[in-house]
Amino acid sequence: MITQFTVEGFKLLKTKAIPLSRVTTIVGPNNGGKTSLLQALMAWQLALHTWVKRRKYDPASPQKLTAKKRPGVRLNLEELTFVEVGISHELWPDLVVFEGANKPALIKILVEGVSNSEVWACGMEFQFSDEKSVNVRPSATKEVGDIVIPKAALEEVIVLNSAIHATLPLAELLLQRDGVDFLVQTGQVNRALRSMLYYLDCGPQSEAPANDPSDGWRALATDIRTMFGVDVERPKRLPNSQIEVAYRNHAKKAGDKLRPPMNLNTAGSGFLQMLQLLTLFYSRRGRATLFLLDEPEAHLESIRQQDLYRLLTQRAEVLDIQIVMASHSEQFMEEAIQFDLPPKSPQQLLAAIAGEVRPLVSQQEQKLAKQAICDIPIVDYYDTQRRGLWLYVEDKSDIDLLRAWAKVLNHTRALKLFETINPVANHHYLKTNKPAGAFRHFQGLQFLFPSVQGVVLTDRDDRTPASNDPISHLMWPRREIENYLLVWPAIERAFLAEANRNGVWQENNPGELFNQTRAKELRDLMTSDFLVSAALLDANHSDLLNKKASDDILVPFFRKAFEKYGIYNSLPKDEFHRIAEQMRPQEIHADVEVMLDKIADALS
């Protein structure tokens, strides 16, 4: 069994020893390195077997290989079909294939394992040759400069099965067993599925099926019936050597009418995916095999995804196989965290993030990983990589207000955080006045990116910010952010500017007297229905501090004012930043500048 492997210089993966168990689940966001891990293991196997075959190395008579005895062999890109790159450069980070003049950058993959209680290790290295090929050879040890290729390394078989190969060819001739093995090891299980089923029914020692199905066939048929309620009929070899496999719905009770058998081609993608996986498992029973499963849950609904995880972990122990699977599935993560395996069959949960792989050992790490991967949009990962700062507010209108005030006050540090184009900080809208959502989101990002910084700004609340909050929780001293807009001259200027901007008063406007008259009418409307006159004169009046400025004052005021003059209301709540833009520096309350300072300090 392979116990760990170390990858250096392959794609975006960062050098680190990666532990493997009987069942290893790798989770993480897109482009985090999950598939690259699987590809690295496949590349190691292909390089090892290619070198041994072409150099005629005899594992039965192992010998030390000095540098002269281990020259590289060429591996064409077409042979690395599972890596899916267009040119060889794409195997290297940032396409850099030379570290300096005449010094090639090497990809090194070291695999370690235990077989029959003996520990072994085997490394392979890759050197750039040209756009369509690479040179591969065994890696030398640092101590002595020569190596022995362990026989156990050659006996390990690594099989990659990707969810994308869920369709079958219309017909399949019976393949020889070595032909089946070739297709399996090159990730083309769908092209060999019927032959695999046939040989599974035959058993390992026979080329023809007996009267009774083999134990492997019985176990496979039982698993498929349990998961899908479907009976897979035993394969038939036709006179032209084609293999015919059919299935039918399982009779739920005695006396039920059986439906006619259906050709395997008509089955759904989820069913075929599971049939391929289980056939692979039972066909390799008792043989040293590591299965690499890339999104095995694809094509399955959420309930069957849970069933699949449990089935895979159970079968790995029973069949003495090893599984490494990469998944985005929330159900897989839930099962990987909660599923309790017997002590002899440990499981490993890894997170692959931005090329770095780390084990998730504690429950807290597992919880944060699930939260980060399942609950946070992928765009937030990219934004964090670009800008490691997060400002949490209730709504976009809060950002617009902060930006407008920062411009009026010429607060350059804060203004960089609120720019509409390429701001220094990312903005996250909570849609609530509670900071709990910000804490969860930030902790998830912090798990992925430990250096990320953040601050949450909310309206006044009963909650008292605590020293152990994941990020600083700032609160406005007034009821809400809009309370700092209750400055009558700015409200008046904003309304008149909008009325003039809409073109309604421009033609008939006789001048300043007209504006003065309209201003008095607006003030009377405000004081008669929404705010007492004293509040317009006293910047610290209790109404300015405690009333809900948005819903109880500004929104209904502007609705009535625009209706009064028959003008389109261009100052709804999400446009209140136009009021802030009309404010003079001396009209902006000191709380606002203090808050801008605190935000800038927290995200410095």
Side-chain angles (χ1 to χ4, degrees), residues 394 397-398 400-411 414 433 457-461 474-502 505 509-565 567 569-598:
E394 182 178 349
S397 59
D398 292 22
D400 294 337
L401 288 174
L402 293 168
R403 182 189 303 114
W405 282 325
K407 285 182 178 179
V408 173
L409 294 171
N410 195 29
H411 198 303
N433 192 41
L457 173 62
T458 66
D459 296 335
R460 192 176 67 198
D461 189 33
L474 306 178
M475 278 193 289
W476 291 104
R478 293 188 175 187
R479 172 74 178 273
E480 61 179 357
I481 187 173
E482 287 83 3
N483 282 61
Y484 294 95
L485 297 174
L486 296 178
V487 177
W488 176 251
I491 295 173
E492 177 186 299
R493 288 193 293 269
F495 180 86
L496 294 176
E498 288 303 302
N500 286 317
R501 187 171 69 88
N502 291 337
W505 289 350
N509 187 349
E512 186 61 27
L513 181 60
F514 178 86
N515 282 340
Q516 290 177 3
T517 303
R518 294 294 176 264
K520 183 179 183 304
E521 292 172 353
L522 291 172
R523 188 185 184 96
D524 291 343
L525 175 62
M526 175 66 81
T527 55
S528 63
D529 291 354
F530 304 107
L531 273 178
V532 297
S533 298
L536 300 185
L537 302 174
D538 182 2
N540 294 311
H541 192 276
S542 62
D543 283 1
L544 302 185
L545 273 63
N546 301 317
K547 277 196 170 185
K548 190 170 177 59
S550 58
D551 295 341
D552 296 342
I553 300 174
L554 294 174
V555 169
F557 166 75
F558 283 118
R559 184 171 60 244
K560 279 195 172 185
F562 282 102
E563 285 179 358
K564 177 179 176 66
Y565 299 108
I567 305 173
N569 182 2
S570 56
L571 283 174
K573 184 177 179 179
D574 58 0
E575 295 293 334
F576 282 176
H577 61 89
R578 298 186 186 278
I579 306 172
E581 292 166 0
Q582 292 291 336
M583 299 177 79
R584 309 289 189 256
Q586 66 273 16
E587 294 173 343
I588 298 176
H589 196 278
D591 288 351
V592 173
E593 189 164 9
V594 169
M595 193 62 73
L596 292 175
D597 287 338
K598 288 182 177 179

Short question: side chain of K547, backbone of F530 - any donor-acceptor pair under 3.5 Å? yes
Treating R460 as the side-chain partner and T458 as the backbone partner, does any N or O pair qualify as donor plus acceptor under 3.5 Å?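 Between the backbone of T458 and the side chain of R460 there is no qualifying donor-acceptor contact (under 3.5 Å).
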Could you tell me whether E563 and K560 make a salt bridge, using a distance below 4.0 angstrom between a side-chain N and a carboxylate O? no
Looking at R578 and E575, is any side-chain nitrogen of the basic one under 4.0 Å from a carboxylate oxygen of the acidic one? yes
Mind checking the [atom1]-[atom2] spacing from [X] to [Y]? Nearest 0.5 Å is all I need.
| X | Y | atom1 | atom2 | value |
| --- | --- | --- | --- | --- |
| H589 | R478 | NE2 | CZ | 4.5 Å |
| D552 | R479 | CG | CZ | 7.0 Å |
| L531 | I553 | CG | CD1 | 4.0 Å |
| D529 | F557 | CG | CZ | 10.0 Å |
| D400 | E581 | CG | CD | 8.5 Å |
| L571 | N569 | CG | CG | 6.5 Å |

Could you give me the CA-CA distance, side-chain angles and deciding distance for E593 and I588, then say whether side chain to side chain contact (heavy atoms under 4.5 Å, CB included) is met? CA-CA 8 Å; E593 189 164 9; I588 298 176; over 6 Å; no
Which is it for E480 and E394 under the side chain to side chain contact (heavy atoms under 4.5 Å, CB included) test, yes or no, and what are the steps along the way? CA-CA 10 Å; E480 61 179 357; E394 182 178 349; 6.0 Å; no
Shortest non-hydrogen contact from [X] to [Y]?
| X | Y | answer |
| --- | --- | --- |
| I491 | M526 | CD1-CE, 4.2 Å |
| A490 | E587 | CB-OE1, 4.2 Å |
| L486 | A549 | CD1-CB, 3.8 Å |
| M583 | V487 | CE-CG2, 3.6 Å |
| D459 | N433 | N-OD1, 2.7 Å |
| P477 | D591 | CG-OD2, 3.6 Å |

Please step through side chain to side chain contact (heavy atoms under 4.5 Å, CB included) for the pair L596 and L402, ending with a clear verdict. CA-CA 8 Å; L596 292 175; L402 293 168; 4.0 Å; yes
Are [X] and [Y] packed together at the side-chain level, in the sense that at least one heavy-atom pair is separated by less than 4.5 angstrom?
| X | Y | answer |
| --- | --- | --- |
| F562 | E498 | yes |
| D551 | E482 | no |
| L537 | W488 | no |

Y565 and F495 aromatic ring geometry - parallel, tilted or perpendicular at 30°/60° bounds: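 Ring orientation, 0 to 90° scale: tilted.
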Ring geometry between Y484 and W405 (parallel below 30°, tilted from 30 to 60°, perpendicular above 60°):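 Perpendicular.
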Using side chain to side chain contact (heavy atoms under 4.5 Å, CB included), reason through K520 and D524 one step at a time and then give a plain yes or no. CA-CA 6 Å; K520 183 179 183 304; D524 291 343; 3.1 Å; yes
